[in-house]
Amino acid sequence: MSLASVIRSENKLLLPTYDRHKILFQKGRGAYLWDSRGARYLDFLSGIGVNALGHAHPSIQAVLKRQAGRLIHVSNLFFHEYQAELAKRLTNISSLDRAFFCNSGTEAWEGALKLARVYARTANTNGHKPKWRILALDNSFHGRTFGSLATTGQAKYRDPFVPLLPGVGFVRFNDVQDLKAQFDSGVCAICLETIQGEGGICPVSPEFLQLARKLTESSGTLLILDEIQCGLGRTGNYFAYQHYGVQPDVVTIAKPLAAGLPLGAILMTNRVASSMHPGMHGTTFGGGPLACAVAIEFLRVLDELLDHVRKVGGYFHEQLEKLKAKHGCIREVRGMGLMLGLELDSAETAKAVVSILLRNNILINRTHETVLRFLPPYIIREKHVDEVIQALDSALSSAHSKQRRAARHATNQVHAKESK
């Protein structure tokens, strides 16, 4: 099937929710993808953080083939052999106690919000109205469902769908005074991304996260961390919160967990889990045998890659800082491990750079208008970083020259009008 025929079919049949690049990918291996014309692309986006082991990883392929021949799906009304093993691995690396499996990050976040409300109700022993308010952060992104949108602190995602879930307040990002001012006895949870992904690769400050933990611990409130993008090795630790010395009550994960298959999870303490009982929450597809078997293999491979992520991520960060010293349009380099962002001084420049890299067969994307987002697979090497840095250097110079020419042209046009 050709790219043109796919585009015609989608334009006729699909809900128009995506503004796709006109590329038809057909296969991948390692850090590379190939399109329908046979052109090869270096993938530094990895399906927005999903393909953390790259494409067609041999260990993942082996598990997929083996398990697909045995059992793909069984209802959660019955047992299969992989959920407990996967939960054991996840609770061991997170220092939490229990897991619930679902299909996606936004479903995990919805479940976490339900946990916050039901835990507050269960823990309410004084006859007063249970805590029910939720504090989230400005600039955050937690998904596309109603509860996730309600806690997403970006108006462009929220406004088309209001009214949303009531009781959510937004704290200014990393503003400890605002957090203190908004936190009160009615709050049942503080909910935040350890590193904001869609919001521009913005790590929460140690002071802010530590205050959130202190406030929640002293009041019996939950600290819920969204590690859907920054968790599971992306920053060089199993979880980004492990860089901060803070232990949450609830954590949500998804993107790389099943190496490309849909799978999300909520991890929680026994104390939180005790507020749930059979029938209060569930899923049809979540935690099926195929996805769980693959996720177990992903975690096994991940154990061998964390040092590599730290090393290559550190090298990548250093090279981006060198670019910053060279190009005045770069405002800041942010992130940890292989979750990095380059903030530029204009949306036009950022958009132009993404387009130039795409023409040079390198995949990244732009988020929060001005930030170039890099989420490469964990298997990349320094030679891949060097290729991207060289392309970025050239693209930034080209975009800046184009902007200067446009500015001179605009000035000349003004002078020409004035001379008349």
Verdict with supporting geometry, T221 and L215, side-chain contact (heavy atoms from CB on, under 4.5 Å): CA-CA 8 Å; T221 300; L215 291 172; over 6 Å; no
Donor-acceptor contact below 3.5 Å, side chain R334 vs main chain G200: yes
Test of ring centre spacing under 6.0 Å for F208 and F173: no
Aromatic ring pairing H73/F285, orientation class (parallel under 30°, perpendicular over 60°, tilted between): tilted
R300/E297 ion pair, N-O < 4.0 Å: yes
Criterion side-chain contact (heavy atoms from CB on, under 4.5 Å) on R213 and T216, from CA distance to verdict: CA-CA 5 Å; R213 178 70 284 185; T216 51; 3.0 Å; yes
Derivation of the side-chain contact (heavy atoms from CB on, under 4.5 Å) call for L96 and Q247: CA-CA 9 Å; L96 291 163; Q247 183 66 23; 3.6 Å; yes
Matching residue for D393 among K326, Q319, K322 - test: side chain to side chain donor-acceptor pair (under 3.5 Å): K326
Short side-chain to backbone donor-acceptor contact, N174 and S205, under 3.5 Å: yes
Donor + acceptor pair across side chains of R98, N270 (<3.5 Å): yes
Residues in side-chain hydrogen bond (donor to acceptor under 3.5 Å, both in side chains) contact with S355, at least two apart in sequence or another chain: none
Check: Y32 ring centre within less than 6.0 Å of Y41 ring centre: no
Audit row: V312, V385, side-chain contact (heavy atoms from CB on, under 4.5 Å) steps and yes/no: CA-CA 8 Å; V312 178; V385 172; 3.9 Å; yes
Exercise: do S397 and S394 side chains pair donor with acceptor under 3.5 Å: no
Those residues that, when tested against I379, pass side chain to side chain contact (heavy atoms under 4.5 Å, CB included) (two or more places apart): L305, P377
